[in-house]
Amino acid sequence: MSYADKLFIDMCNNILENGTDTKGEKVRPHWADGTPAYTQKLFCVVNRYDLKKEFPALTLRRTALKSCVDEILWIWQKKSNNIHDLHSHIWDSWADENGSIGKAYGYQLGVKHKYKEGMFDQVDRVIYDLKNNPFSRRIMTNIYNHHDLSEMGLYPCAYSMTFNVTEGENGKLVLNGILNQRSQDVLTANNWNVVQYSVLMHMLAQVCDMEVGEFVHVIADAHIYDRHIPLVKELITREPLPAPTFWLNPEIKDFYEFTTDDVRLDNYETHEQIKNIPVAI
């Protein structure tokens, strides 16, 4: 059975049984009909995935691998803030008439900063340090820039990655990472984020000649929206299936050469998808 499924089921049960109901409180999100979008929420969920053992894609319902990767490359590789560079419509609600989401996500990763070794943006700095200073405790990104929040279409949800390198049993370096997320819609986004940042770690490990290690996902406010609760309750009654096998094109040695065609999930059997999930905005 998929370990990612077990973690997801346990997390959802914990939120439903022990979370705080925000009904009647002042909340920002709303549904398309204007109704406030209340949640059942839990503070500080920490999930750990050993990427050496298993790729954490849910089998309870299918997670669209190539769409996940398209978005993570849009942010981390293209460093774009324009939805016209993205092949899905998940960001349409937060874009202006020109397609821009403002100074958010990819924009922040693309800004160059001065270091003693020269000018780097945040992604290139991570890659430089993983190759040249792998045991540094300063290998991280942060896109929650207070100076630019007023010019963002949406404040960053997943806002920080911290990388930490250890030595494996065979002497090869192992890449570990922590994703910090201030807020997460568990039904629509949890496994989406887990999958795409797991892929990112596989990519960075490969181009930096490392093995992939542990991915830790820290969520400050993990919540299930009120209109999602019946869907989640049905979802977590499904029987988990075996985890798929992740394939990454071994020929790619430059992070900027990866495309969505360089990833694949083999033997990915899942239950049926949940359709027409309402999304709070």
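This is a predicted model, so every value here is computed, not measured.
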Query raised in the report: For the residue pair His202 and Phe55, does the interplanar ring angle fall in the parallel (under 30°), tilted (30 to 60°) or perpendicular (over 60°) class?
Result: tilted
Query raised in the report: Can you name the residues that form a side chain to side chain donor-acceptor pair (under 3.5 Å) with Thr188, not counting sequence neighbours?
Result: Asp185
Query raised in the report: Quick one: side chain to side chain donor-acceptor pair (under 3.5 Å) partners of Arg125, sequence neighbours excluded?
Result: Glu117, Asp129
Query raised in the report: When the aromatic ring centroids of Tyr105 and Trp74 are compared, is their separation below 6.0 Å?
Result: no
**Report entry** Contact check, side chains of Val263 and Met203, non-hydrogen atoms, under 4.5 Å
**Finding:** yes
Query raised in the report: Is Asp121 paired with Lys79 through a side-chain N to carboxylate O contact shorter than 4.0 Å?
Result: yes
Query raised in the report: Less than 4.5 Å apart, any side-chain heavy atom of Thr166 and any of Phe135?
Result: no
Query raised in the report: Below 4.0 angstrom, N of the basic side chain to O of the carboxylate: do Lys66 and Asp70 qualify?
Result: no
Query raised in the report: Would you call Asp221 and Lys41 a salt bridge, using N to O less than 4.0 angstrom?
Result: yes
Report task. Output, in order, the C-alpha distance, side-chain angles, deciding distance and verdict of ring pair (Phe, Tyr, Trp, His ring centres under 6.0 Å) for Trp94 and His89. Result -> CA-CA 10 Å; Trp94 291 278; His89 298 282; over 10 Å; no
Query raised in the report: Judged by atom type as modelled, is there a donor-acceptor pair below 3.5 Å linking the side chain of Asn133 to the main-chain atoms of Ser136?
Result: no
Requested in this report: Count the heavy atoms of every other residue, nucleotide or ligand shown that sit under 6.0 Å from CD of Glu272, and state whether that count exceeds 12.
Outcome: no
Requested in this report: Please list, chain by chain and in numerical order, all residues satisfying ring pair (Phe, Tyr, Trp, His ring centres under 6.0 Å) with Phe120, sequence neighbours excluded.
Outcome: Tyr115, Tyr128
Requested in this report: Return the orientation label for the Phe215 and His217 ring planes: parallel under 30°, perpendicular over 60°, tilted otherwise.
Outcome: parallel
Query raised in the report: Taking 4.0 angstrom as the limit, do Arg238 and Glu234 come out as a salt bridge?
Result: yes
Report task. Report, as yes or no, whether the 6.0 Å neighbourhood of atom NE2 on His113 holds more than 12 heavy atoms from other residues, nucleotides or ligands. Result -> yes
